[in-house]
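Remarks on the structure that follows.
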Amino acid sequence: MRFGGFSTRLLNICIASYCRARNIEQAEVILIDGIRLGVLPDVVTYNTLVDAYCKFVDLDAAYLILGRMMEAGISPDVVTYNSLIAGASRRCLLLRTLDLFDEMCVRGIAPDLWSYNTLMHSFFKLGKPEEANRVFQDIWSKDWLPCSDTYNIMINGLCKNGYSENALRLFRTLQRRGFTPEVVTYNVLINGLCKAERLGAARKILQELWLSGCQPNAYSYTTFMKCCFKSRKFNRGLEIFSEMKGKGYTFDSFAYCTVIAAFVKIGRMEEACDFMGQMMDTGHSFDIVSYNTLINLYCRQGKMEAAFQLLDEMEKEGWGCDVYTHTILINGLCKSGNIEGALSHLQYMRAMGFGSDLVAFNCVIDGLCKAGFLDHAITMFETSELKDAYTYTSLVHNLCKARRFRNASKLLLSCLRNGFKIPRSTQRAVLDGLRESGFSSEARKLQTKIYMARLLHSI
DNA sequence: CTAGGGTTAG
């Protein structure tokens, strides 16, 4: 039926556009209206919904669609399962991911290259690079030719798992074998190198991107801008920002959030506020990251009331708090001197199922120290399973400030023994403090142990 | 309809 086929395509376009706008309710309304008018949904219609439910609602809701589509006499296909697998992977549900993979095979749906790509991505995301690599080998043993997506996921995954050197090597190998990297590949690698603090290497790849004749896209710009801010080249970052604007790139909140967060971080609040105004003027609706960025801006200005007001607005818009939101609020409460508020918010956060957030914990530890409750902080530290270099640094730093150098020294040692990297300035503060307060032999011993730890852990 | 960029702590 020619006309019917055309209508179904229109229906799908319509549903996809509502789904993209996260308006699944409206998408469902359109589906029902369509059916009433005799426009029959097809596998693409249901796949779009499955994908949207995976992304914006939850897996069970997506799984219900699977039931509905089979009731309608439409069999799920490989795309349906790829979406479900991606959904499980996004939520870090490894068993669910693998079960779905099996279920697909049992139903006689052969996994395609994308299924394997998604599986590989999933393993990387869960911090299992060896398993991901096995999937990569699997792909090679099939008849398929791995496509650029496969390489992109591989390069991205290697970088995110701390193997940026291997990622770079893979990139070079591919080039030698005649593979022409596309913009995405460059972007992934630049971002990975940037996150691994290998700014020089990132800049080099960026140069190559310019020379390759590829047009950098909005991703490239935002990635590079972030790279500039990270290496404290603020003016260069801002130049990139205006160049991006000047060239008429579609302006979403990504670039604005990058700029605002960078200025907040270095305390240039007027500029941050200025960019916030610009971002609001674009008239785009905010997503969770935009809200988080702005809430952080208010928090760091000490405007806690405004921050909580924005939080209300965010929740009214249907966004739930994430780990970042909670952490930003806890940090804000600490910095504005409301340490009780911070402590109770940490408890609230954990009660909400955000179990092990180290960053929020570190904020509270630092807040307690700064508010003069050093011993309370130490007790919390000692009874906690989670701790990292930041936790140690806060405590050591504040113990020095309280002139409790021998205490600080002990903690510094256990930090080094655990292989955590602690700033040299903090180490120096302990050594100087010990010497100045007459513990020079202890200082010498500590110095030796620091050298040993540096050798042992290469820190 | 299925990968890549932005938000938190010294």
Side-chain angles (χ1 to χ4, degrees), chain A residues 12 15-16 19-20 43-52 54-55 77-87 89 112-115 117-118 120-121 147-157 159 182-192 194 217-227 229 252-262 264-265 287-297 299-300 322-332 334-335 357-367 369 388-398 421-423 425-426:
Chain A
N12 289 343
I15 286 179
C19 285
R20 251 197 308 280
V43 66
V44 177
T45 324
Y46 285 107
N47 284 350
T48 311
L49 283 172
V50 167
D51 192 59
C54 278
K55 275 195 182 128
D77 65 3
V78 65
V79 179
T80 324
Y81 272 95
N82 287 349
S83 285
L84 287 168
I85 291 169
S89 147
D112 64 2
L113 181 56
W114 253 112
S115 321
N117 285 348
T118 311
M120 195 166 76
H121 183 229
C147 58
S148 54
D149 305 311
T150 311
Y151 299 131
N152 294 345
I153 293 171
M154 196 69 195
I155 290 173
N156 184 41
C159 288
E182 47 182 28
V183 190
V184 182
T185 318
Y186 282 106
N187 289 350
V188 165
L189 188 58
I190 293 167
N191 183 48
C194 191
N217 60 17
Y219 285 75
S220 328
Y221 274 106
T222 319
T223 305
F224 180 52
M225 193 161 67
K226 170 94 182 137
C227 192
F229 289 139
D252 49 22
S253 51
F254 278 75
Y256 277 115
C257 289
T258 312
V259 177
I260 294 170
V264 169
K265 193 148 217 163
D287 65 2
I288 181 80
V289 179
S290 311
Y291 275 114
N292 286 344
T293 307
L294 299 187
I295 291 173
N296 187 41
L297 173 57
C299 282
R300 300 302 290 266
D322 65 2
V323 194
Y324 284 90
T325 325
H326 287 302
T327 310
I328 287 164
L329 289 170
I330 288 171
N331 188 38
C334 287
K335 294 284 191 307
D357 187 47
L358 194 48
V359 182
F361 178 73
N362 286 343
C363 291
V364 169
I365 290 289
D366 193 62
C369 290
D388 69 355
Y390 283 87
T391 335
Y392 277 103
T393 309
S394 276
L395 284 169
V396 172
H397 180 84
N398 283 291
K421 207 169 152 181
I422 197 165
S425 58
T426 307

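Residue numbering restarts at 1 for every chain, and letters A, B, ... go by the order of the sequence lines.
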Could you tell me whether the phosphate oxygens of [N], OP1 or OP2, come under 4.0 Å of any side-chain nitrogen or oxygen in [X]?
{"X": "A/His121", "N": "B/dT2", "value": "no"}
{"X": "A/Lys226", "N": "B/dG4", "value": "no"}
{"X": "A/Arg300", "N": "B/dT8", "value": "no"}
{"X": "A/Asn191", "N": "B/dG5", "value": "yes"}
{"X": "A/Lys265", "N": "B/dA9", "value": "yes"}
{"X": "A/Lys55", "N": "B/dC1", "value": "no"}

How close or far is atom [atom2] of [N] from atom [atom1] of [X], stated in whole angstroms?
{"X": "A/Leu329", "N": "B/dT7", "atom1": "CG", "atom2": "P", "answer": "17 Å"}
{"X": "A/Asn217", "N": "B/dA3", "atom1": "CG", "atom2": "C1'", "answer": "13 Å"}
{"X": "A/Leu113", "N": "B/dC1", "atom1": "CG", "atom2": "C1'", "answer": "17 Å"}
{"X": "A/Asp149", "N": "B/dG4", "atom1": "CG", "atom2": "P", "answer": "10 Å"}
{"X": "A/Tyr46", "N": "B/dC1", "atom1": "OH", "atom2": "C1'", "answer": "15 Å"}
{"X": "A/Tyr219", "N": "B/dG6", "atom1": "OH", "atom2": "P", "answer": "10 Å"}
{"X": "A/Ile288", "N": "B/dT8", "atom1": "CD1", "atom2": "P", "answer": "13 Å"}
{"X": "A/Asn292", "N": "B/dG6", "atom1": "CG", "atom2": "P", "answer": "14 Å"}

Could you tell me whether [X] contacts a base, only the sugar-phosphate backbone, or nothing, with contacts defined as non-hydrogen atoms closer than 4.0 Å?
{"X": "A/Ser394", "value": "nothing"}
{"X": "A/Thr325", "value": "nothing"}
{"X": "A/Asn296", "value": "sugar-phosphate"}
{"X": "A/Thr118", "value": "nothing"}
{"X": "A/Ala218", "value": "base"}
{"X": "A/Asp51", "value": "sugar-phosphate"}
{"X": "A/Asn12", "value": "nothing"}
{"X": "A/Val79", "value": "base"}

Examine distances only and state if a side-chain atom of [X] and a backbone atom of [Y] form a donor-acceptor pair shorter than 3.5 Å.
{"X": "A/Asp77", "Y": "A/Thr80", "answer": "yes"}
{"X": "A/Asn156", "Y": "A/Asn152", "answer": "no"}
{"X": "A/Ser115", "Y": "A/Asp112", "answer": "yes"}
{"X": "A/Thr118", "Y": "A/Trp114", "answer": "yes"}

Please determine, for the side chain of [X], which listed nucleotide ([options]) has the closest atom?
{"X": "A/Ala389", "options": "B/dT2, B/dT7, B/dG10", "value": "B/dG10"}
{"X": "A/Asn82", "options": "B/dT2, B/dG5, B/dT8", "value": "B/dT2"}
{"X": "A/Val289", "options": "B/dG6, B/dA3, B/dA9", "value": "B/dG6"}
{"X": "A/Asn152", "options": "B/dA9, B/dT8, B/dA3", "value": "B/dA3"}
{"X": "A/Arg20", "options": "B/dG4, B/dC1, B/dG5", "value": "B/dC1"}
{"X": "A/Thr327", "options": "B/dT8, B/dT7, B/dG4", "value": "B/dT8"}

Does the base of [N] carry an N or O that pairs as donor and acceptor with the side chain of [X] under 3.5 Å?
{"X": "A/Ser253", "N": "B/dG6", "answer": "yes"}
{"X": "A/Thr393", "N": "B/dG10", "answer": "yes"}
{"X": "A/Ser290", "N": "B/dG6", "answer": "yes"}
{"X": "A/Thr222", "N": "B/dG5", "answer": "yes"}

- If you measure from NZ on A/Lys226 to CD1 on A/Ile190, what distance do you get to the nearest 0.5 Å?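 A/Lys226 NZ to A/Ile190 CD1: 15.0 Å, rounded to 0.5 Å.
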- Message: Would you say the base of B/dT8 stacks on A/Tyr324 (centre-to-centre below 5.5 Å, plane angle below 30°)?
- Response: no
- Message: With no hydrogens and no angle check, just 3.5 Å: does a side-chain donor-acceptor pair link A/Asn217 and A/Asn187?
- Response: yes
- Task: Measure across A/Cys54 and A/Ser83 and return the closest heavy-atom pair with its distance rounded to 0.1 Å.
- Result: SG-O, 3.6 Å
